[in-house]
Novice: 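Pasting a structure below so you can have a look.
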Amino acid sequence: RTNSGKLSHVTHNHQVQEEQIPASTNCIQLTIPSMVQTQELVSIKHATELMLHMIIKSDLPIRTVDSPELIDLCKCLSSGAYAPPGRTSMTNMIDSLSEAVSAELIKVLQTLPGVSLTTDGTSLRGQKYIALTAHFIENWKIHSIYLALVPAEGPEDAIFLSELLKNIIDNWTISSPHILVTDNGANFLKCANLLIEGQIIEEHIRCACHTLQLTCEDVMKESPDLAMILEKCKKIIAHFSHGSLLPTTLKNAQSIHQSDSPDYTPSCLQTDVPTRWNSKHKMLKSLLHNRVPIYQVAVELKKPELTLLPSEWKICEDLIILLEKLSEATEMLEGELYPTLCSTIPIVNALKSVVENVKCQFQTSEVLEASNQFLHSIFDRWGNFSDALKVALVLDPRFKNHSLLDQEEQVIELIRLRAHRLFNSTQEASEEEKKEDIPNMDHRISVQSCVNEMFKSSNFDEFDLYMR
């Protein structure tokens with residue numbers, strides 16, 4: 001039907017008043033070209049937003065938008081209607097988005113009861129950088145946010161680092177950074193002490209994973225025979241990683257070994273990198289896994305330096321067992337999606353117990369002596385656990401049966417003081433006044449009952465329910 005026929009049908013059959021129907025001359029009808037133009041504007045805006053998110057989330061260089069191939073792809077998909085914005089426009093959009101996200105993040109950080117920070121140094125193309133990351137819990141979900149990656153323009157001493165971190169914390173208006181986690185470098189340790197003295201942070205904790213790796217380095221320093229074998233392993237891998245003859249020969253040997261042993265799967269050799277955790281363990285496993293192909297290549301080319309002696313292979317087998325326990329503990333402690341502070345003491349104690357139990361499996365005196373040195377190093381570096389580790393352990397109901405024995409009363413006192421400082425409405429009271437409010441405790445009372453009693457006396461119904 002025509003439009004006039006539809007209008008007549010509505011008027012006569014649906015009893016619509018004539019004045020309710022606008023005259024056809026006053027109707028605004030979008031033409032097909034105008035509708036297409038509107039859709040194109042929406043699509044172009046959406047495509048630009050997707051391009052922006054792709055650059056940011058995939059960590060691509062901004063020059064990607066100037067790629068001729070990308071421009072041709074966009075034009076092809078849009079029939080020539082869309083081309084990505086230029087490098088300058090994309091830079092401005094990223095800066096605007098960064099400012100908006102930073103403003104929202106500052107609001108979030110100001111409302112949090114506590115924030116933990118981690119910092120470390122890195123280098124890229126000869127330029128050194130200092131990074132700072134914030135960790136906090138919001139709506140019972142753990143968040144980790146990169147706050148800054150700043151070029152280290154001065155000497156990386158304690159004074160420079162403390163001033164740099166203080167400026168970053170001030171810029172983000174973080175008023176309650178409780179803990180700063182660093183590695184065991186002397187400059188970072190002294191930097192943390194300066195920040196505590198300046199009341200910028202409350203506590204400092206050494207990275208548990210880095211500390212465990214240092215125990216491995218302690219063993220190598222005290223075991224020159226093991227260090228020599230590891231260095232020989234690195235040289236073997238270096239031989240197979242350069243040139244074209246040896247890598248090709250190794251691949252052929254791997255294929256032959258795979259046909260003879262269906263359970264074998266060819267894999268690449270991994271070398272030891274001092275800055276990568278558990279790399280010694282991965283290097284030895286990759287060598288032992290490819291032991292037969294490596295030996296075949298060494299025999300074929302008549303190069304004995306490409307393989308190890310039988311006694312050295314036996315030492316590597318034992319050393320893998322020892323390093324595997326360290327690798328397992330490190331992987332548990334480096335988790336990002338779950339809290340690890342509360343697990344540090346149980347994991348370290350479990351590591352000591354497991355190493356003590358597997359010593360009977362070692363068939364070489366070198367690794368047996370290394371295991372004893374490993375336990376001695378753990379004791380030296382973990383002889384006294386920090387107060388934060390003890391409090392986190394006691395507050396985790398999963399470890400409620402973990403005994404602290406002689407430290408029990410001290411930990412209870414720490415928990416009560418921290419709880420009053422965080423949740424009591426009289427936070428501005430002096431520490432002496434807080435201690436006066438704490439009743440005397442019987443040394444025979446259990447940790448769990450004292451924690452429950454603490455939250456009951458403070459009217460923390462939610463925490464009391466959680467601890468039950």
Side-chain angles (χ1 to χ4, degrees), residues 58-59 209 212-213 216-217 219-220 223-332 334-335 351 354-355 357-371 374:
S58 299
D59 197 21
C209 293
L212 286 179
Q213 299 307 306
C216 183
E217 298 301 326
V219 172
M220 295 304 129
S223 306
D225 293 338
L226 293 182
M228 182 183 66
I229 293 176
L230 290 176
E231 188 62 29
K232 188 175 181 178
C233 292
K234 292 180 65 175
K235 290 181 179 180
I236 293 174
I237 294 176
H239 285 308
F240 285 105
S241 302
H242 298 90
S244 58
L245 176 61
L246 285 178
T248 303
T249 307
L250 179 61
K251 288 183 180 180
N252 295 334
Q254 288 176 329
S255 300
I256 296 173
H257 183 52
Q258 185 179 21
S259 60
D260 296 337
S261 303
D263 295 338
Y264 169 78
T265 303
S267 62
C268 297
L269 298 177
Q270 302 184 48
T271 190
D272 176 27
V273 181
T275 57
R276 293 184 180 178
W277 297 335
N278 304 322
S279 60
K280 288 182 176 62
H281 177 240
K282 295 177 181 178
M283 178 183 69
L284 294 177
K285 283 188 65 177
S286 68
L287 275 175
L288 195 62
H289 180 71
N290 293 283
R291 176 179 178 176
V292 174
I294 289 174
Y295 177 76
Q296 292 173 348
V297 172
V299 172
E300 179 183 349
L301 300 179
K302 298 180 180 180
K303 291 185 175 182
E305 67 272 14
L306 295 181
T307 187
L308 299 175
L309 299 175
S311 59
E312 293 173 335
W313 283 115
K314 184 62 67 175
I315 291 176
C316 289
E317 291 175 359
D318 283 354
L319 192 55
I320 286 176
I321 297 176
L322 177 62
L323 294 179
E324 185 178 12
K325 309 308 175 184
L326 175 65
S327 176
E328 182 182 2
T330 304
E331 291 176 358
M332 295 174 65
E334 66 181 357
L351 177 61
V354 169
V355 171
N357 292 332
V358 299
K359 286 168 55 176
C360 60
Q361 302 180 18
F362 298 145
Q363 302 177 18
T364 57
S365 59
E366 292 85 353
V367 178
L368 180 61
E369 179 62 28
S371 64
F374 181 72

Novice: Does any N or O in the side chain of Asp318 come within less than 3.5 Å of the main-chain N or O of Thr364, such that one atom is a donor and the other an acceptor?
Specialist: yes

Novice: Roughly how far, to the nearest 0.5 Å, is OG of Ser255 from CG of Leu250?
Specialist: 9.5 Å

Novice: Yes or no on side chain to side chain contact (heavy atoms under 4.5 Å, CB included) for Val292 and Asp260, after CA distance, side-chain angles and deciding distance?
Specialist: CA-CA 11 Å; Val292 174; Asp260 296 337; over 6 Å; no

Novice: Output the distance between atom CG (Leu212) and atom CZ (Phe374), rounded to the nearest 0.5 Å.
Specialist: 6.5 Å

Novice: So do Cys316 and Leu287 actually touch side chain to side chain, heavy atoms under 4.5 Å?
Specialist: no

Novice: Would you please test Ile321 and Val367 for side chain to side chain contact (heavy atoms under 4.5 Å, CB included) and show each step?
Specialist: CA-CA 10 Å; Ile321 297 176; Val367 178; over 6 Å; no

Novice: If I compare all heavy atoms of Lys359 with all of Ser371, which pair ends up nearest, and what's the gap?
Specialist: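 Where Lys359 meets Ser371 most closely, the heavy atoms are CG-OG, 3.5 Å.
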
Novice: Any side-chain heavy atom of Val358 within less than 4.5 Å of one from Val354?
Specialist: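 Contact flag for Val358/Val354 side chains = yes.
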
Novice: Check the pair Ile229 / Leu319 against side chain to side chain contact (heavy atoms under 4.5 Å, CB included), numbers first and verdict last.
Specialist: CA-CA 11 Å; Ile229 293 176; Leu319 192 55; over 6 Å; no

Novice: Any side-chain donor-acceptor pair under 3.5 Å between Glu366 and Ser223?
Specialist: no

Novice: Do side-chain atoms of Thr249 reach the backbone of Leu245 as a donor and acceptor pair under 3.5 angstrom?
Specialist: yes

Novice: Could you go through the side chain to side chain contact (heavy atoms under 4.5 Å, CB included) check for Ser241 and Thr271 one step at a time?
Specialist: CA-CA 10 Å; Ser241 302; Thr271 190; over 6 Å; no

Novice: How long is the straight-line distance from CD1 of Ile236 back to CG of Leu308, given to the nearest 0.5 Å?
Specialist: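 That separation rounds to 4.0 Å.
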
Novice: What do you reckon, is NZ of Lys285 surrounded by more than 12 foreign heavy atoms closer than 6.0 Å?
Specialist: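 At most 12 heavy atoms, drawn from other residues, nucleotides or ligands, come within 6.0 Å of this atom.
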
Novice: Taking all non-hydrogen atoms of both residues, which atom of Arg276 and which atom of Ser279 are closest, and how far apart?
Specialist: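 Distance-wise, the nearest heavy atoms are O-OG, 3.1 Å.
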
Novice: Answer whether the closest heavy-atom distance between the side chains of Asn290 and Phe240 falls below 4.5 Å.
Specialist: no

Novice: Within the side chain of Gln254, is there an N or O that forms a donor-acceptor pair under 3.5 Å with the backbone of Ser267?
Specialist: yes

Novice: Within a radius of less than 6.0 Å around CE of Met220, do more than 12 heavy atoms belonging to other residues, nucleotides or ligands occur?
Specialist: yes

Novice: How long is the span from the NZ atom in Lys235 to the CD atom in Glu305, to the nearest 0.5 Å?
Specialist: 11.0 Å

Novice: Hey, are the side chains of His239 and Lys303 touching, using non-hydrogen atoms and a 4.5 Å cut-off?
Specialist: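 No. Closest side-chain heavy atoms not under 4.5 Å.
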
Novice: Is the OH atom of Tyr264 crowded by more than 12 outside heavy atoms at less than 6.0 Å?
Specialist: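 Enclosed: over 12 neighbouring heavy atoms sit under 6.0 Å from OH of Tyr264.
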
Novice: How about Asp225 and Ile315: do any of their side-chain heavy atoms sit closer than 4.5 Å?
Specialist: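 Side-chain contact under 4.5 Å: no.
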
Novice: Answer whether the closest heavy-atom distance between the side chains of Leu230 and Met283 falls below 4.5 Å.
Specialist: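 Leu230 vs Met283: side chains touch.
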
Novice: Drop me the distance from Gln270's CD to His281's NE2, to the nearest 0.5 angstrom.
Specialist: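 So the gap between those two atoms works out to 10.5 Å.
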
Novice: Measure the spacing between CG of Asn278 and CG of Asp272 and express it to the nearest 0.5 Å.
Specialist: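 If we round to the nearest 0.5 Å, Asn278:CG and Asp272:CG are 10.5 Å apart.
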
Novice: With a 4.5 Å limit on heavy-atom distance, are the side chains of Val355 and Leu322 in contact?
Specialist: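 They are in side-chain contact.
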
Novice: Please determine if Glu328 and Lys325 form a salt bridge, counting it only when a charged side-chain N lies under 4.0 Å from a carboxylate O.
Specialist: no

Novice: Is there a side-chain contact between Lys280 and Glu217 in this structure, where contact means two heavy atoms from C-beta onward sitting under 4.5 Å apart?
Specialist: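 With C-beta onward as the side chain, the pair touches.
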
Novice: Which heavy atom of Phe362 sits nearest to which heavy atom of Leu368, and what is that distance?
Specialist: CD1-CA, 4.1 Å

